2 protein chains.
Amino acid sequence: MEHILPNLAKGRAPLEPEKLIRREPLEPGTFKRMIRKMGLKVTQQRLAILESLSAGRAHVTAQEVFETVNARYPEIGFATVYRFLRKMAEQKMVTEVRMGGLPARYELTPRRHHDHLTCKLCGQIVEFESPQIEALQEQVAKEHNFRLTHHVLELYGDCARCRTG
Amino acid sequence: MEHILPNLAKGRAPLEPEKLIRREPLEPGTFKRMIRKMGLKVTQQRLAILESLSAGRAHVTAQEVFETVNARYPEIGFATVYRFLRKMAEQKMVTEVRMGGLPARYELTPRRHHDHLTCKLCGQIVEFESPQIEALQEQVAKEHNFRLTHHVLELYGDCARCRTG
DNA sequence: CCCCTAATTGACACTCGTTCTCATTTATGA
DNA sequence: TCATAAATGAGAACGAGTGTCAATTAGGGG
């Protein structure tokens with residue numbers, strides 16, 4: 001199992017602190033409620049995964065979640081993390097963000113919709129909201145007689161810090 | 001190498017005919033010029049790959065390109081296809097589209113930039129252009145001090161025909 | 001409170017798209 | 001024509017993610 005810690009092993013550069021749209025704090029008991037709402041059993045592993053997702057940085061990879069949770073509960077397997085993340089993504093409880101061919105990143109689905117601006121060089125993710133873009137998307141769909149259900153809008157570029165060296 | 005033909009083997013459902021923004025036909029000699037413009041050597045393999053890309057449907061996977069080219073030139077290896085597609089993507093000669101965790105799809109970078117509106121039900125892809133959305137994207141990037149290099153905008157919905165049954 | 005049972009787990013083998021390696025072949029500028 | 005750097009093909013390797021299966025556990029019914 002040599003791929004458990006590939007990211008740490010590669011000494012990936014530490015990321016910028018994220019610029020996040022404000023998120024509501026989670027009260028105790030919320031996690032259990034979330035799990036039950038999905039029709040699943042409440043286990044220590046699942047609670048630990050949710051805790052890790054809500055406490056740490058947003059937009060983490062499954063491996064990062066695994067590492068965090070594994071540090072406190074060394075017996076947890078990464079299959080459990082992947083499985084639970086997938087199940088939560090299906091139920092829209094977490095949102096999966098994929099950039100290029102890189103590992104998927106997850107965030108607890110935020111109350112407010114937003115899109116992402118990603119630095120190709122350092123991986124930093126900035127969230128943004130643009131009601132104007134949303135409106136134009138609706139207009140495009142209407143022109144083609146589509147009823148819009150969802151969209152993916154990811155902007156890629158080089159952030160100021162990476163550009164100036 | 002049992003994964004050479006996974007898509008054919010799986011009997012993927014045929015897609016709707018695509019609605020494409022008009023593309024200019026390519027004159028003979030264009031391919032050689034394109035390759036030279038990238039600073040690469042002109043080989044039969046590369047010509048065959050470009051031919052396949054320009055002749056068939058847009059938005060093909062590397063495996064599909066390999067299969068097409070391999071049918072006519074059985075000695076070509078898939079590494080060559082992948083390598084060339086990657087190189088062309090780096091130089092923006094082809095555009096890579098990744099949705100979800102699915103294999104990347106490629107298209108010869110069209111002269112006119114466009115995004116995609118996809119029907120979730122029948123798989124139909126409608127291409128559209130929205131300079132207004134592009135402009136707003138630039139503005140978002142500017143606000144966050146990013147230099148925008150590219151973006152992914154995919155709209156999903158139900159087309160008129162599928163909705164009305 | 002205890003049991004039963006289906007859900008969940010951990011270990012790890014496996015899949016599959018993609019990239020790497022390296023010995024051989026080939027395009028092209030001199 | 002030749003030298004040489006680039007390109008190729010074969011196949012191994014990589015890495016994210018999924019499947020399998022025996023062992024464990026949550027939690028509803030009694």
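Being a predicted model, the structure only gives us computed values, none of them experimental. Proteins get letters first, then strands, A, B, ... in listed order; numbering begins at 1 in each.
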Ignoring backbone atoms, test whether [X] places a side-chain nitrogen or oxygen under 4.0 Å from the OP1 or OP2 oxygen of [N].
{"X": "A/Arg86", "N": "D/dG17", "value": "no"}
{"X": "A/Thr80", "N": "C/dG10", "value": "yes"}
{"X": "B/Arg46", "N": "C/dA27", "value": "no"}
{"X": "B/Gln44", "N": "D/dT8", "value": "no"}
{"X": "A/Thr61", "N": "D/dA16", "value": "no"}
{"X": "B/Arg105", "N": "C/dG17", "value": "no"}

Would you kindly give the [atom1]-to-[atom2] distance between [X] and [N], to the nearest whole Å?
{"X": "A/Glu64", "N": "D/dG17", "atom1": "CD", "atom2": "C1'", "answer": "16 Å"}
{"X": "B/Lys32", "N": "D/dA7", "atom1": "NZ", "atom2": "C1'", "answer": "17 Å"}
{"X": "A/Phe84", "N": "D/dT18", "atom1": "CZ", "atom2": "C1'", "answer": "18 Å"}
{"X": "A/Phe78", "N": "C/dA11", "atom1": "CZ", "atom2": "P", "answer": "10 Å"}
{"X": "A/Glu96", "N": "D/dA16", "atom1": "CD", "atom2": "P", "answer": "14 Å"}
{"X": "A/Glu75", "N": "C/dT8", "atom1": "CD", "atom2": "C1'", "answer": "14 Å"}
{"X": "A/Arg98", "N": "D/dG15", "atom1": "CZ", "atom2": "P", "answer": "18 Å"}
{"X": "A/Leu85", "N": "C/dT9", "atom1": "CG", "atom2": "P", "answer": "12 Å"}

Applying side-chain hydrogen bond (donor to acceptor under 3.5 Å, both in side chains), can you list everything that pairs with [X], at least two apart in sequence or on another chain?
{"X": "A/His150", "value": "none"}
{"X": "B/Gln45", "value": "none"}
{"X": "A/Thr80", "value": "A/Arg83"}
{"X": "A/Thr95", "value": "A/Thr109"}

What residues, two or more places apart in sequence or in another chain, satisfy side chain to side chain contact (heavy atoms under 4.5 Å, CB included) together with A/Thr68?
-> A/Ser52

What is the bend of the helix from C/dC1-D/dG30 to C/dA30-D/dT1 when you compare the axis at one end with the axis at the other, using five pairs each and rounding to 10°?
-> 30°

Closest approach to the side chain of [X], judged atom by atom: which nucleotide of [options] is it?
{"X": "A/Ile76", "options": "D/dG17, C/dG10, C/dT18", "value": "C/dG10"}
{"X": "A/Ala79", "options": "D/dG17, C/dA11, C/dT18", "value": "C/dA11"}
{"X": "A/Gln45", "options": "C/dG10, D/dA26, C/dT18", "value": "C/dG10"}
{"X": "A/Tyr82", "options": "C/dT8, D/dG19, D/dG17", "value": "D/dG17"}

Of the options A/Arg36, A/Lys37, A/Met38, which is the one that meets A/Leu40 in a side-chain contact (heavy atoms from CB on, under 4.5 Å)?
-> A/Met38

Which residue, A/Thr43, A/Val42, A/Leu50, forms the side-chain contact (heavy atoms from CB on, under 4.5 Å) with A/Arg46?
-> A/Thr43

Quick one, which residues of residues 35-42 of chain B touch DNA chain C with a heavy atom under 4.0 Å?
-> B/Lys41, B/Val42

Test of understanding: with salt bridge (Lys or Arg N to Asp or Glu O under 4.0 Å), list the residues that count as partners of [X], not counting sequence neighbours.
{"X": "B/Glu154", "value": "none"}
{"X": "B/Glu134", "value": "none"}
{"X": "A/Asp158", "value": "A/Lys120, B/Arg147"}

Please set out all donor-acceptor pairs under 3.5 angstrom arising from side-chain atoms of residues 136-144 of chain A, sequence neighbours excluded.
unit_1   : atom_1 : unit_2   : atom_2 : d
A/Gln137 : OE1    : A/His151 : ND1    : 3.1

Detail all sub-3.5 Å separations between protein N/O atoms and N/O atoms belonging to nucleotides 21-23 of chain D.
none

For the side chain of A/Arg105 and the backbone of A/Glu96, is there at least one donor-acceptor N/O pair under 3.5 Å apart?
-> no

